[in-house]
Structure formats: C-alpha cells, structure tokens
2 protein chains.
Amino acid sequence: MILIIIFNSSRTATGHFAPVNRLRTRTANNGAIMNKRIADLNKYLADKGLKITRQREAVAQVFFDTDGHISAEELYTKVSRSYPGVGLTTVYRTLKLLKEAGLAKERRFAEDSQGVFEKEDTARHHDHLICTRCGKIVEFKEPLIEKLQEEVAQRHGFSVEDHKMELYGLCSACRTA
Amino acid sequence: MILIIIFNSSRTATGHFAPVNRLRTRTANNGAIMNKRIADLNKYLADKGLKITRQREAVAQVFFDTDGHISAEELYTKVSRSYPGVGLTTVYRTLKLLKEAGLAKERRFAEDSQGVFEKEDTARHHDHLICTRCGKIVEFKEPLIEKLQEEVAQRHGFSVEDHKMELYGLCSACRTA
DNA sequence: CCGACAACTGAAATTGATTATCATGTTCTC
DNA sequence: GAGAACATGATAATCAATTTCAGTTGTCGG
C-alpha cells in the first residue's frame, strides 16, 4: 500500500516539495520577533516594487543572525538547516538585494576565493589585516587614515562613497614560527 | 595540384604554424636592445632553472612597453599583432612568472572583472581612486597613509608585506553631470 | 475574497576568467 | 648534438556566479 499525503505544499515542476508550513510559521511575519533589519529589507523591497517572500526573509534572518564573514555557499548550507527548500540561486539573489539595500557588504580577501558577506553596519569603516601564511584576519579602525583618504580624494576632485583597504603580511605567530 | 611548403616552421599537432623566423629576429636576444627588465626576467628564470623562450620574451617585451593597466586578454591581443603564434595560455603563464619575479603586479578593481596587470616598479606604493560611474581610475600616493598603515599593523603584531587601498566614489565630471 | 499580472523560485544550463591536461616542441647542459 | 627537463598551445576542465525557464506566489485593484 502506498499512502501519499500532500499537505499545503507547493510541488514544483521538478518534483521538489517546499516545506511551506514550517517555513511560514517561522518567518518574522507570523508572530516571531520582526527585527529592525528585516523591517529595513522589507521597506527597501516595497519601495522598489519587489516582493516580500518567505525565502528572502529566511535568508536575511539567518544572515543577520550571523557574525563575521560568511560566503554565499556557507549561508546556503546554514539556511538549509532551518529552512530547507531555499535554493542557492535565491541566496545569491537575496545577498545582492541586501547589498543594494545597504544592509550587507561583500568582500573578497584573496584573488581566487569566493566572496564573503558581512552586515553593513558592523562592516562600516573597518578594514582588515590579513596574514598571508595562516589566513588570519584582524579587523581594525583608523579614523585618521579615513580622514586622509577624504583629503586625497578631494584633492583629485573625487567624493568618496566607499573604500577598501587591506594590509597583507605575517601575523606575530607566523613571523616567529 | 596542391603545393605545401613548410619553411623552418614548427607544425603543432593541431595544425598551427608558428612563425618562428619572424619571432626570432625580433626578440631581444637577436640584436635588439635588451632592456633591463627583460634581463631581470631572464635572471629570475635562470635562477629558478626555467627556460628563456621566444614566447616569454615576446610577452614580457610587449608588457614592459605598455603603460598603465592591461588585462591578460588585451595583452594577448597586443602580443599577437607583433608576435602571432603566442597562445593566451602562455600569456597567463608569463604574467604569473612576472609577478613571481616581482616585475608585475595584479589588480582587480571590480568584483566580477578580469584581473589587470601593471609594472611593479611603477605600481609600487601607489593606490587608486575609482569612479563608480564612469570607471575612471586615478592613481595617487600618500606616504602618510602608508606610515599609519605600518603603525596599525605593528599594533596588531603584523608585519606589512603588501597593501591594497582603493577609494570608490564619483569623479568631478560625474558628480556635476 | 478574486483575478490578474508582475515578480519570484529553484534546477539546470551557461558564462567567463583562469588553470590543468597532454601531445608535441624547444632549450640548455654536458 | 643528445637527452632530459621544461615550455607551448589547443582544448578541456574548473568554479563561483549568473541566466534561463517553466511553474509558483505576492500584491494590488476591485
């Protein structure tokens, strides 16, 4: 005997069953705490005439709950644990939206590596020290350098919207080893 | 009637005829001015037990004759005009060698763009202002920022080997437009 | 609540820069 | 000048990221 129960699911053309219920009950819209960043994203989407979807909220929520740097692939894995049925494509697309909305920032520390993302508000105005041997990454702030950057830009008629500064070298552990 | 003349050519397995003579008579080794950078490259190759070849000299020569930034693809096109029969693969390989030899530096100004290369001695200790609208790139030097970078690194136990600093914004033309 | 339509989704295909493969060619050393 | 090691170039492979496309779902006006 074969018993098949399809309960409020969305069967896609390729045979995938999206766990709609689980996803829906967990999203911010349905009772959970709607944090400010999700609200910011939703506002951005509404302003642009884009749609607020379960998948976007799921990706955004997991992203906002993550500290430090995370790649699209890693985020996909992490999202899949809580909200299976969200595709890697959607993770990429949502990260792109988060960047556009000014909520995420993309970085790439090595030429041949994949991009990593971090929350814009914690990313703002900090730069990175990268150990070329062990890959260790240290974040730092240097307001004086920022000031000089502004001055240099002004001298050349530029207005600065963003900057990237990375220092490559050896950390103390690798230098003594 | 079919007449085939093969004149001191190197017929590869895929039917390509490399114009060996033309290439040879034009290389630095055969009478032309051997500039210092080519000599540096040759010394590097010799030290590493690698070989000095016509192709490597051709790519290096054209690269050294180029000012500013050039991509591997562009360099390939440019080399092909003077020295046809040099493959794109070899251009990539030679640029890699030039980097290792400390004669070239690779940069990547946009996340999704191809890498561009510039001569190391002109690249050293200068950074870039990039217009996010028109793509204009302005180079600048700011020794004071370098000094501060060293200090910051030291404070975190790092020794600086290299750095990357890019300021993104709008140039005067794009700002007023 | 309903319908319609534009936006969204995810799997698979595609892209594009770069690298690996491999059969043949070339350099350099003795 | 013989041989071993390295180099070459066409092609295939790689890999993150994007595009495609058929099917699905938000959103807005009634």
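Order of the sequence lines fixes the chain letters, A, B, ..., with proteins taken first and strands second; residue numbering starts at 1 for each chain.
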**Q.** Distance-minimising heavy-atom pair for Cys171(B) and Cys131(B)
**A.** N-SG, 3.4 Å
Q. Hey, is the side chain of Thr89(A) poking within less than 4.0 Å of OP1 or OP2 on dT19(D), counting only N and O atoms?
A. no
Q: Run the ring-centre check on Phe109(B) versus His69(B) and record whether the distance is less than 6.0 Å.
A: yes
Q. Counting side-chain heavy atoms from CB outward, which of dT18(C), dT8(D), dT27(D) is closest to Glu106(B)?
A. dT18(C)
(Q) Any side-chain N or O of Arg93(B) below 4.0 angstrom from OP1/OP2 of dT19(C)? (A) no
Q.
How about CD on Glu100(B), more than 12 heavy atoms from neighbouring residues, nucleotides or ligands closer than 6.0 Å, or not?
A. yes
**Q.** Distance in angstrom units between Lys96(B) NZ and dA20(C) C1', rounded
**A.** 10 Å
Q) CG of Leu97(A) versus C1' of dT18(D): gap in Å, rounded? A) 14 Å
Q. Do any side-chain nitrogens or oxygens of Tyr92(B) fall under 4.0 Å of OP1 or OP2 in dT18(C)?
A. yes
Q.
The side chain of Arg108(A) is closest to which nucleotide in this list: dG10(C), dA17(D), dT8(D)?
A. dA17(D)
(Q) Which heavy atom of Val138(B) sits nearest to which heavy atom of His156(A), and what is that distance? (A) CG1-CD2, 3.5 Å
Q. When the distance from NZ of Lys99(A) to C1' of dT18(D) is rounded to whole Å, what number comes out?
A. 12 Å
Q: Give the rounded distance in Å between these two atoms: CZ of Phe109(B) and C1' of dA17(C).
A: 17 Å
Q: Nearest whole angstrom, please: distance from the C1' of dA16(D) to the CD of Glu111(A).
A: 14 Å
Q.
For dG16(C) and Gln114(B) - does any side-chain N or O of the residue sit under 4.0 Å from the phosphate oxygens OP1/OP2?
A. no
**Q.** Earlier contact from the 5' end, DNA chain C, for Glu73(B) and Gly87(A)
**A.** Gly87(A)
Q | Distance test, side-chain N/O of Arg54(A) to OP1/OP2 of dT9(C), below 4.0 Å | A | no
Q | Per Lys51(A) side chain, nearest of listed nucleotides dG9(D), dA7(C), dA5(D) | A | dA7(C)
Q: Side chain of Arg56(B) only, please: which of dG9(D), dT9(C), dT8(D) is the nearest?
A: dT8(D)
Q. Can you tell me how far P of dT27(D) sits from CG of Leu45(A), to the nearest Å?
A. 9 Å
**Q.** Shortest non-hydrogen separation from Val152(B) to Phe140(A) and the atoms involved
**A.** CG1-CD1, 3.3 Å
Q: Mind calculating the distance between OH (Tyr76(B)) and C1' (dA17(C)) to the nearest angstrom?
A: 15 Å
Q) Any side-chain N or O of Thr53(A) under 4.0 Å from OP1/OP2 of dT9(C)? A) yes
Q | Atom-pair distance (CD on Glu57(A); C1' on dC8(C)), nearest Å | A | 14 Å
